[in-house]
Protein chains: 2
Amino acid sequence: MNARIKPAGTRTEPDTAVPLLHTTAGFANDGSSCPIREVLDRVGDTWSILVIINLQEQPVRFNALKRSIEGISQRMLTVTLRSLERDGLVTRTVRPTTPPEVEYGLTELGQSIAVPISSLGSWAASNRDSMRRAREAFDLQS
Amino acid sequence: MNARIKPAGTRTEPDTAVPLLHTTAGFANDGSSCPIREVLDRVGDTWSILVIINLQEQPVRFNALKRSIEGISQRMLTVTLRSLERDGLVTRTVRPTTPPEVEYGLTELGQSIAVPISSLGSWAASNRDSMRRAREAFDLQS
DNA sequence: CTGAATCCCCCGAGATACTG
DNA sequence: CAGTATCTCGGGGGATTCAG
């Protein structure tokens, strides 16, 4: 439902590769039997989590999103968003103005995964110092 | 507190490198300003999350852990555990028997991060099918 | 403004073999 | 049983350039 303006149309298909990350002798030892593995393989890269967090409040346009995620490159933002869209976590809405405006937001599925992810985010904010200290202590006693 | 049997002792220090993952011209563009980035850099690899989940119930010995995590190599289990230990999430307890028994468990900090991580795990179990379907649908309309 | 295409480097992680 | 040491390779991701 919810007819969007345009379903992105042609994308000149990049490669269709779908890495599979670390198949042992082509046997499909990805984590398809393990839901956590499977989900992490999709969302456990460097940027997906951060993108989801930044979309949780409201839809955001491409460049605004880029500015809000420190250190992300244009390419990786595009790639990450496409991947999240593919997995049904993110919607992409094009307004055919000039210059074009493209807004990204979370789907219901995206909103639902944003909950545990935000918890993790809160944990990170609260405990990163503890981790730092632990690391220093560990490194000292070599 | 809680004097362990042995603090692991000499480990022949590997390299001290601490990758820094993708420093742009050595400028320290890791995510030290962003707690989520910083934590994900430590725990967002292929195996850490799974290890934490598997240690949540009770302490587990090395090989038992290895058996419970499908697809992990001995090396990566060792490396992952060492990293988690370094960050204060995991404890390592050696019983000097023959053969040696080494038990790994979560610290308090580890237990606390295990909570949001488990939520993510539950989400994964509940929603991976939705993700799969979304992916198939997306791939169809190319 | 949003994005695709290329080039290329680095490091994560598997395979294997060896120790206490 | 629980590690460590080497070698190797694929691919994730940055930088850059071109396009609608």
Side-chain angles (χ1 to χ4, degrees), chain A residues 5-6 8-15 17-27 29-31 37 40-42 44-48 50 60-67 69-83 85 92-104, chain B residues 5-6 8-15 17-27 29-31 37 41-42 44-48 50 60-67 69 71-83 85 92-104:
Chain A
I5 287 87
K6 215 39 186 326
T10 320
R11 207 107 67 186
T12 59
E13 60 168 312
D15 205 288
V18 189
L20 263 195
L21 70 157
H22 312 120
T23 304
T24 300
F27 188 67
N29 191 16
D30 50 357
R37 268 302 297 278
L40 286 180
D41 285 350
R42 297 280 154 190
D45 59 284
T46 312
W47 302 111
S48 292
L50 287 175
V60 185
R61 288 181 53 188
F62 187 85
N63 272 344
L65 198 49
K66 181 168 182 339
R67 279 188 298 272
I69 303 179
E70 180 182 317
I72 195 171
S73 67
Q74 193 178 50
R75 185 180 110 87
M76 285 318 296
L77 181 53
T78 304
V79 170
T80 301
L81 285 168
R82 197 73 67 234
S83 168
E85 187 192 359
R92 180 188 132 107
T93 312
V94 183
R95 266 197 293 280
T97 58
T98 47
E101 294 182 15
V102 183
E103 223 176 45
Y104 291 93
Chain B
I5 287 88
K6 216 33 185 332
T10 319
R11 208 106 68 185
T12 58
E13 58 172 312
D15 206 288
V18 188
L20 263 196
L21 69 157
H22 309 122
T23 304
T24 300
F27 189 67
N29 191 16
D30 50 357
R37 266 302 297 279
D41 285 350
R42 298 279 155 190
D45 59 285
T46 313
W47 301 110
S48 292
L50 287 175
V60 185
R61 290 180 52 186
F62 187 87
N63 272 342
L65 199 49
K66 180 168 182 344
R67 279 189 297 272
I69 303 179
I72 195 170
S73 67
Q74 193 180 44
R75 185 181 111 86
M76 285 318 296
L77 182 53
T78 303
V79 170
T80 302
L81 285 168
R82 196 75 68 230
S83 167
E85 187 192 358
R92 179 189 132 106
T93 311
V94 183
R95 265 196 293 280
T97 59
T98 47
E101 295 183 14
V102 182
E103 224 177 45
Y104 291 92

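To find a chain, count down the sequence lines: A is the first, B the second, and so on, and within it residues start at 1. No hydrogens, no waters, no symmetry mates; every other heavy atom, side chains included, goes into these values. Since this is a predicted model, take the numbers as computed values, not measurements.
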For this session: Check Leu81(A), Leu77(A), Thr93(A), Val60(A) against Tyr104(A) for a side-chain contact (heavy atoms from CB on, under 4.5 Å) and give me the one that passes.
Result: Leu81(A)

Exercise. Rounded to whole angstrom units, what separation is found between the CG atom of Leu81(B) and the C1' atom of dC1(D)?
Worked result: 14 Å

Problem set entry | Spacing of OG1 belonging to Thr80(B) relative to CZ belonging to Arg75(B), to within rounding of 0.5 Å | 9.0 Å

Exercise. Between dA4(C), dA2(D), dG14(C), which nucleotide gets closest to the side-chain atoms of Thr78(A)?
Worked result: dA4(C)

Seminar exercise, completed: Whole-Å distance, Arg67(B) CZ to dC1(D) C1', equals 10 Å

For this session: Looking at every strand, decide which applies to Gln74(A) at a 4.0 Å heavy-atom threshold: base, sugar-phosphate, or nothing.
Result: base

Exercise. Quick one: is dG14(C) close enough that its OP1 or OP2 comes under 4.0 Å of any side-chain N or O from Ser73(B)?
Worked result: yes

For this session: Take atom CG of Leu77(B) and atom C1' of dA15(C), then tell me their distance rounded to the nearest Å.
Result: 16 Å

Exercise. Closest to the Arg92(B) side chain: dA2(D), dG14(D), dA4(C)?
Worked result: dA2(D)

For this session: Let me know, please, whether Glu101(B) or Asp45(A) comes out on the 5' side of the other along DNA chain D by nearest nucleotide.
Result: Glu101(B)

For this session: Would you kindly compare Pro100(B) and Val79(A) by the position of their nearest DNA chain C nucleotide and give the one closer to the 5′ end?
Result: Val79(A)

Problem set entry | Length of the CD1-P vector between Ile72(B) and dG3(D), whole Å | 13 Å

For this session: Send over the distance from Leu50(A) CG to dG13(D) C1', rounded to a whole Å.
Result: 15 Å

Seminar exercise, completed: Taken to the nearest whole Å, CE/Met76(B) to P/dG14(C) is 6 Å

Problem set entry | Any residue meeting side-chain hydrogen bond (donor to acceptor under 3.5 Å, both in side chains) with Glu101(A), in chain and number order, not counting sequence neighbours | Arg95(A)

Exercise. Residues two or more places apart in sequence or in another chain: which of them pass side-chain hydrogen bond (donor to acceptor under 3.5 Å, both in side chains) with Ser48(B)?
Worked result: Asp45(B)

Problem set entry | Between P of dC1(D) and CG of Leu65(B), the distance in whole Å | 14 Å

For this session: Map Glu103(A) and Arg75(A) onto DNA chain C by nearest heavy atom, then report which one ends up closer to the 5' terminus.
Result: Glu103(A)

Exercise. So, is Tyr104(B) close to the dG3(D) phosphate, meaning a side-chain N or O under 4.0 Å from OP1 or OP2?
Worked result: yes

Exercise. So, for Glu103(A) and Arg61(A), which heavy atoms are closest and what is the spacing to 0.1 Å?
Worked result: CG-CG, 4.0 Å

Exercise. Just how far, in rounded Å, is P of dG13(D) from CZ of Arg82(A)?
Worked result: 16 Å

For this session: May I ask you to verify if any side-chain N or O of Arg95(A) is less than 4.0 angstrom from the OP1 or OP2 atom of dC1(C)?
Result: no

